[in-house]
Trainee: 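Before I ask anything, let me first share the structure, which is written out below as structure tokens.
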2 protein chains.
Amino acid sequence: MVQFVHPARDDITLAGVLAALADPMRLQIVRSLLQEGDCLSCTAAAPCPDIPKSTLSNHFRVLRDAGLIQTTKKGVEHRNVVREADINARFPGLLKAILKHANA
Amino acid sequence: MVQFVHPARDDITLAGVLAALADPMRLQIVRSLLQEGDCLSCTAAAPCPDIPKSTLSNHFRVLRDAGLIQTTKKGVEHRNVVREADINARFPGLLKAILKHANA
DNA sequence: TTCAATAGTCCCATATTTCCGAACTATTGA
DNA sequence: TCAATAGTTCGGAAATATGGGACTATTGAA
């Protein structure tokens, strides 16, 4: 049984969030998650559908550790949601300012 | 004679900017530069004055390559300025949104 | 119940990046 | 001309990212 550890709101750091988003694929993942509401990892993956599973899993772990997303198990899938409320509470305006510029 | 190459405004990428700022020291450097107007590298350095020269030089190179700062030679010193106009033109609101949250 | 399929994690070897000491370059001032 | 200053560049060690393959958990069907 895999149990995910998400950082508390106050443990989310600016450098951590920026580092997590400083990767085109992760930026795209967050973008997709925000558009869809909530979805599963593989489906939420970046444009390329041929990305290795381990790489994708790693990207989700980075986003999780940075406090950007929350992952819960739902059957065989892992459902991911952007922790919008937490990020916005901690860094008001940041998420919107960044994602506004993520290339569609 | 060292000649610096700065990326053109349109070559500045979001992921590049985020990656450059995804480091506490570089975040602090940019913060200091914005507060001071323009200043020299070593002086503009992060809190710790005992950081190795090569490391510092490297951080400035990263910021330069990302298009965040412009460096010009002024005697023995290198004067650095944040390319505020370029960044704001390319990603309106981004810089302010990020630096607003950089811990004082 | 058992078995196959699915979704994803974990391990680990390789590849890439970062850090920093040391040697080097350019400029100024004595 | 020489020393001091400010910073770059080189190169090896340390840290981190990538991705293949084996593993785990869950579901749905035989």
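Keep in mind that this is a model prediction, so the values were computed, not measured. To find a chain, count down the sequence lines: A is the first, B the second, and so on, and within it residues start at 1.
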Trainee: In whole angstroms, how far is the P atom of D/dT8 from the CZ atom of B/R64?
Mentor: 5 Å
Trainee: Quick one: the side chain of A/S54 and the base of D/dG20, do they pair up donor-acceptor inside 3.5 Å?
Mentor: yes
Trainee: Could you check how far CG of B/D50 sits from C1' of C/dG21, rounded to whole Å?
Mentor: 15 Å
Trainee: Return each pair, listed once, that meets side-chain hydrogen bond (donor to acceptor under 3.5 Å, both in side chains) where at least one residue sits in residues 4-18 of chain B; pairs must be two or more places apart or across chains.
Mentor: B/R9-B/D86
Trainee: Round to a whole Å and report the spacing from CG of A/L63 to C1' of C/dT9.
Mentor: 16 Å
Trainee: OP1 or OP2 of D/dT16 less than 4.0 angstrom from a side-chain nitrogen or oxygen of A/R61, does that happen here?
Mentor: no
Trainee: Consider the side chain of B/P52, meaning its heavy atoms from C-beta on, and name the nucleotide among C/dC20, C/dA7, C/dA26 that approaches it most closely.
Mentor: C/dC20
Trainee: By nearest atom, which of the nucleotides C/dA26, C/dA7, D/dT8 is closest to the A/E77 side chain?
Mentor: C/dA7
Trainee: How would you label the contact of B/R26 with the nucleic acid (heavy atoms, under 4.0 Å): base, sugar-phosphate, or nothing?
Mentor: nothing
Trainee: Could you list all the side-chain hydrogen bond (donor to acceptor under 3.5 Å, both in side chains) pairs where at least one residue sits in residues 17-27 of chain B, not counting sequence neighbours?
Mentor: B/R26-B/H59
Trainee: Select one nucleotide: of C/dG8, D/dT8, D/dT18, the one nearest the side-chain heavy atoms of A/D23.
Mentor: D/dT18
Trainee: Does B/N58 or A/H59 map to a spot on DNA chain D nearer the 5' end, using the closest nucleotide for each?
Mentor: B/N58
Trainee: May I ask which nucleotide in the shown strands pairs with C/dT17, Watson-Crick or G-U wobble, both distances under 3.5 Å?
Mentor: D/dA14
Trainee: How do B/T55 and A/T71 order along DNA chain C: which one's closest nucleotide is nearer the 5' end?
Mentor: A/T71
Trainee: Could you grab the distance from atom CG of B/L27 to atom CG of B/L68, nearest 0.5 Å is fine?
Mentor: 10.0 Å
Trainee: Would you kindly give the CE-to-P distance between B/M25 and C/dC20, to the nearest whole Å?
Mentor: 8 Å
Trainee: To the nearest Å, how far apart are A/H78 NE2 and C/dA7 P?
Mentor: 11 Å
Trainee: State whether B/S57 places a side-chain N or O below 4.0 Å from either non-bridging phosphate oxygen (OP1 or OP2) of D/dG7.
Mentor: no
Trainee: Rounded to the Å, how far apart are B/L56 CG and C/dT18 C1'?
Mentor: 14 Å
Trainee: Could you state the interatomic distance from CZ (B/R83) to OG1 (B/T71), rounded to the nearest 0.5 Å?
Mentor: 10.0 Å
Trainee: Checking contacts here: which listed nucleotide (C/dA26, D/dA6, D/dT26) is nearest the side-chain heavy atoms of B/K53?
Mentor: D/dA6
Trainee: Could you check how far CZ of B/F60 sits from C1' of D/dT9, rounded to whole Å?
Mentor: 17 Å
Trainee: Which residue in the set B/L34, B/L21, B/L63 passes side-chain contact (heavy atoms from CB on, under 4.5 Å) when paired with B/I29?
Mentor: B/L63
Trainee: Would you mind pulling out the nucleotide paired to C/dA30, Watson-Crick or G-U wobble, both distances under 3.5 Å?
Mentor: D/dT1
Trainee: Rounding to an integer number of Å, can you tell me how far B/R79 CZ sits from D/dT8 C1'?
Mentor: 18 Å
